[in-house]
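This structure is in structure tokens; I'll ask about it shortly.
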Amino acid sequence: MAVIELQHVTKKYAAVVANKDISLTIQASELVGLIGENGAGKSTLIKQLLGLEQVTSGQINIFDTRPGTAKLRQIVGVMQQNDLVMRNVKVNDILQWAHALYQQPLALKEVLRITNLGAQKNQYINELSGGQQRRLSFGLAIIGRPQLLLLDEPTVGMDVLNRKHFWDYVRQLQQTGTTIIVTSHYLDEIADTANRLLILKRGQLTFDGTLIELQQQINKTVVDFESEQKLGAAFNTDQNILNWSQLGNHYKVEVTNSDTWLQMYYEQIPTFKGLQIKATSLTEIMTNMLEGK
Ligand SMILES: Nc1ncnc2c1ncn2[C@@H]1O[C@H](COP(=O)(O)OP(=O)(O)OP(=O)(O)O)[C@@H](O)[C@H]1O
């Protein structure tokens with residue numbers, strides 16, 4: 001059984017088409033990165049999965065039921081943007097309240113350990129830093145041992161170590177069968193973690209696949225090295241090279257196929273220093289997409 005099934009989902013807010021004819025299926029234990037520029041429709045999609053917004057047309061099934069049912073509230077965990085609306089409650093009290101909502105919740109001690117909030121358990125929410133609030137929000141999302149976890153910009157404000165702990169735990173949840181959808185503008189984190197990418201552009205799903213598949217579509221690899229040889233004349237006539245630059249002895253060459261390129265230069269390669277071959281990063285791909293390149 002698919003965990004999530006979207007059939008031709010469209011969401012309109014008056015003249016704004018926030019989601020346009022989106023169809024897709026997500027299976028158990030996928031870790032899906034939902035990305036796209038501001039206003040692309042990511043949060044709208046999450047809100048419809050939660051039943052907080054109704055689809056304008058199309059249909060959503062989650063574990064074979066419609067979004068927003070009491071049954072789903074038991075098995076879906078969520079971190080929305082700015083979701084800690086109760087400000088004058090202590091960390092421990094809100095966790096205890098959430099703990100009582102579920103049939104087999106995690107122990108409070110365990111949630112405080114995962115979120116690294118043990119030292120703040122007697123503080124009020126409005127006394128927490130931005131990153132601590134995101135960690136508390138994560139604690140509330142996972143306390144019920146959800147089968148589906150929806151994370152909308154979860155790491156905003158988290159410091160580097162807490163971010164690492166967060167992603168380590170998210171990966172662990174995925175490996176034990178949790179299905180996870182995460183939106184973020186920190187594309188390096190998505191590239192490192194998600195095993196499927198969904199790219200939204202003005203409400204439309206423009207890509208659905210793995211990072212490697214996306215990189216293959218872009219068909220560009222960067223080769224970086226230092227050489228004392230003068231290679232410019234050869235590079236200028238090389239059909240495989242999209243672009244190249246030189247700063248002193250440092251060459252940066254963008255090629256369509258790095259295997260072909262390496263074969264062509266195999267005689268010179270032993271003299272190259274610090275040779276690095278890099279696939280185009282997700283950040284660069286998204287930047288180029290937004291710039292319309
Ligand atoms: N309640 C609403 N009423 C009217 N328009 C809305 C509403 N919620 C969202 N929109 C519009 O729908 C579009 C998609 O918004 P959404 O919040 O889904 O984008 P997003 O991809 O999550 O953006 P961000 O990266 O900035 O969080 C935007 O144009 C936004 O202005």
Side-chain angles (χ1 to χ4, degrees), residues 4-26 30-62 66-68 72 76-85 130-131 133-138 140-141 148-158 163 166-167 170 179-194 196-209 211 214 281-293:
I4 295 176
E5 213 177 348
L6 267 67
Q7 287 169 3
H8 303 288
V9 169
T10 293
K11 175 68 188 177
K12 291 184 187 165
Y13 294 108
V16 177
V17 185
N19 289 149
K20 193 174 176 189
D21 196 21
I22 299 177
S23 295
L24 55 91
T25 304
I26 295 175
E30 285 197 75
L31 204 170
V32 179
L34 177 61
I35 57 177
E37 62 196 306
N38 290 141
K42 306 178 295 293
S43 299
T44 302
L45 194 59
I46 300 257
K47 284 179 192 158
Q48 289 171 103
L49 294 175
L50 291 166
L52 298 174
E53 293 280 4
Q54 298 303 311
V55 298
T56 306
S57 60
Q59 191 169 303
I60 298 179
N61 286 317
I62 302 181
R66 292 285 184 273
L72 283 182
V76 179
V78 62
M79 271 179 92
Q80 287 189 267
Q81 295 180 36
N82 309 311
D83 55 359
L84 295 176
V85 283
Q133 289 186 22
R134 276 331 255 157
R135 278 148 47 200
L136 174 59
S137 179
F138 183 54
L140 293 168
L148 171 63
L149 195 50
L150 305 173
L151 306 171
D152 197 354
E153 300 196 26
T155 58
V156 171
M158 280 189 205
R163 232 166 243 251
F166 169 84
W167 286 117
V170 166
T179 308
I180 300 157
I181 301 183
V182 55
T183 84
S184 181
H185 292 292
Y186 301 126
L187 298 176
D188 293 347
E189 296 180 7
I190 295 289
D192 285 348
T193 321
R196 177 175 172 190
L197 299 175
L198 302 176
I199 303 180
L200 287 183
K201 189 174 180 187
R202 290 190 213 110
Q204 262 182 307
L205 184 63
T206 56
F207 178 82
D208 178 355
L211 176 58
L214 183 62
S281 71
L282 184 57
T283 301
E284 197 181 338
I285 292 172
M286 291 301 287
T287 308
N288 289 345
M289 270 185 192
L290 294 180
E291 286 175 337
K293 285 184 191 164

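First listed ligand is number 1; within each ligand, the first listed atom is number 1. Residue numbers run from 1 in the order of the sequence given.
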One finds that the ligand 1 atoms under 4.0 Å from a non-hydrogen atom of Ala40 are 19 (O), 20 (P), 21 (O)
Practice prompt. Taking the side chain as every heavy atom from C-beta outward, state whether Met286 and Ile35 have any pair of such atoms under 4.5 Å apart.
Written response: yes
Assess Arg163 against Tyr186: is NZ or CZ under 6.0 Å from the centre of the six-membered ring, and within 45 degrees of the ring's axis?
-> yes
Notebook entry, point to check: Under 4.0 Å from atom 6 (C) of ligand 1, do we find at least one protein heavy atom?
Noted result: yes
Margin query: Just so I know, are the side chains of Val170 and Leu31 near enough to count as touching, which here means a heavy-atom distance under 4.5 Å?
Written below: yes
Trp167 side chain near Asp192 side chain, heavy-atom distance below 4.5 Å:
no
Task: Distance-only N or O hit between ligand 1 and Lys47, under 3.5 Å - done: no
message = If I apply the N/O under 3.5 Å rule, does Val16 come out as touching ligand 1?
response = no
heavy-atom search around atom 17 (O) of ligand 1 in the protein gives Ser43 CB, 3.7 Å
If you scan protein heavy atoms around atom 18 (O) of ligand 1, the nearest is Thr44 OG1, 2.5 Å
message: Below 3.5 Å, N or O to N or O, backbone or side chain included: is there any such pair between Glu53 and ligand 1?
response: no
Atom 27 (O) of ligand 1: closest protein heavy atom, distance to 0.1 Å, is Gln81 NE2, 3.3 Å
4.0 Å heavy-atom contact, Glu37 with ligand 1: yes
- State whether Lys201 and Glu37 are salt-bridged, where the test is any N-O pair (Lys NZ or Arg NE/NH1/NH2 against Asp/Glu carboxylate O) under 4.0 Å. no
- Query: Any N or O of Gly36 that comes nearer than 3.5 Å to an N or O of ligand 1?
  - Reply: no
What I'd like to find out is whether the side chain of Asn19 reaches to under 4.5 Å of the side chain of Thr10, using heavy atoms alone.
no
Answer whether the closest heavy-atom distance between the side chains of Lys42 and Leu45 falls below 4.5 Å. no
What about Gly39: any of its N or O atoms under 3.5 Å from an N or O on ligand 1?
-> yes
Residue, atom and distance of the protein heavy atom nearest atom 12 (O) of ligand 1 read Ala18 CB, 3.5 Å
Quick note on ligand 1: atoms under 4.0 Å from a heavy atom of Glu153 include exactly 25 (O), 27 (O)
For Met79 and Ala141 the tightest heavy-atom approach is CG-CB, 4.0 Å
Among non-hydrogen protein atoms, atom 3 (N) of ligand 1 lies closest to Tyr13 CD2, 3.5 Å
Discussion item. Among all the protein's heavy atoms, is there at least one whose distance to atom 31 (O) of ligand 1 comes out below 4.0 Å?
Written reply: no
Among non-hydrogen protein atoms, atom 26 (O) of ligand 1 lies closest to Asn38 ND2, 2.9 Å
- Task: Measure the shortest side-chain to side-chain distance between Val32 and Ile180 over non-hydrogen atoms and say whether it is less than 4.5 angstrom.
- Result: no
Find out whether Leu84 and Leu140 are in side-chain contact, i.e. whether some heavy atom of one side chain is under 4.5 Å from a heavy atom of the other.
yes
